[in-house]
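A short worksheet on the structure shown next.
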Amino acid sequence: MGRAAWKNPSRARIAATPYRDRILLYGDMPHALTLLATLHSDLLLRTTLYDGDSVSVREALYIGTPVIATDNGMRPQEFT
């Protein structure tokens, strides 16, 4: 989810995999739709070098969606 220049190269790499139908890349979305997508996801993947304390990570943990994220030193205490 979100805007990024990497989307097109990522889409091509994902399309070449057997799990292409299980990965969704979205552009900017309203917050309510983002929460709904996170709620119905098997996991939230948050890989970034500069993230701060990501609200999306906290929201995913709160609603019970597992999270895989880079360790940037600012993740919630309950995140392991």
Side-chain angles (χ1 to χ4, degrees):
M1 292 181 244
R3 249 186 299 198
W6 52 264
K7 274 197 299 192
N8 288 334
S10 294
R11 285 184 194 280
R13 290 188 2 220
I14 291 167
T17 69
Y19 42 84
R20 63 186 161 268
D21 296 331
R22 310 245 334 132
I23 298 174
L24 302 174
L25 297 178
Y26 289 104
D28 290 338
M29 296 170 46
H31 185 249
L33 188 54
T34 301
L35 285 177
L36 187 61
T38 303
L39 179 64
H40 292 284
S41 295
D42 293 325
L43 69 94
L44 175 74
L45 180 62
R46 183 80 178 183
T47 57
T48 181
L49 296 176
Y50 309 101
D51 198 17
D53 181 19
S54 173
V55 172
S56 64
V57 169
R58 287 184 176 273
E59 289 174 335
L61 292 171
Y62 181 79
I63 62 177
T65 301
V67 175
I68 296 175
T70 51
D71 182 7
N72 66 358
M74 296 186 72
R75 297 293 176 213
Q77 192 68 18
E78 62 274 1
F79 187 74
T80 58

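In this chain, residues are counted from 1 in sequence order.
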Legend entry - Linked hydrophobic residues, Leu39 as query - side chain contacts closer than 4.5 Å: Tyr62, Ile63
Legend entry - By side-chain hydrogen bond (donor to acceptor under 3.5 Å, both in side chains) - contacts of His40 (at least two apart): none
Atom pairs and distances, donor-acceptor, side-chain atoms in residues 13-20, under 3.5 Å, two or more places apart:
residue: Thr17; atom: OG1; partner: Ile14; partner atom: O; Å: 2.7
residue: Thr17; atom: OG1; partner: Arg20; partner atom: N; Å: 3.4
residue: Arg20; atom: NH1; partner: Thr17; partner atom: O; Å: 2.6

Inset, instruction - Only one of Thr65, Thr38, Leu35 passes side-chain contact (heavy atoms from CB on, under 4.5 Å) with Glu59; say which it is. - result: Leu35
Inset, instruction - Could you tell me whether the side chain of Ser56 reaches within less than 4.5 Å of the side chain of Thr34, counting heavy atoms only? - result: no
Legend entry - 4.5 Å side-chain heavy-atom contact, Leu43 and Ile68: yes
Inset, instruction - Enter the distance from Thr70:OG1 to Leu45:CG here, rounded to the nearest 0.5 Å. - result: 9.0 Å
Legend entry - Test salt bridge (charged side-chain N to carboxylate O under 4.0 Å, His left out) applied to Asp21 - qualifying residues, sequence neighbours left out: none
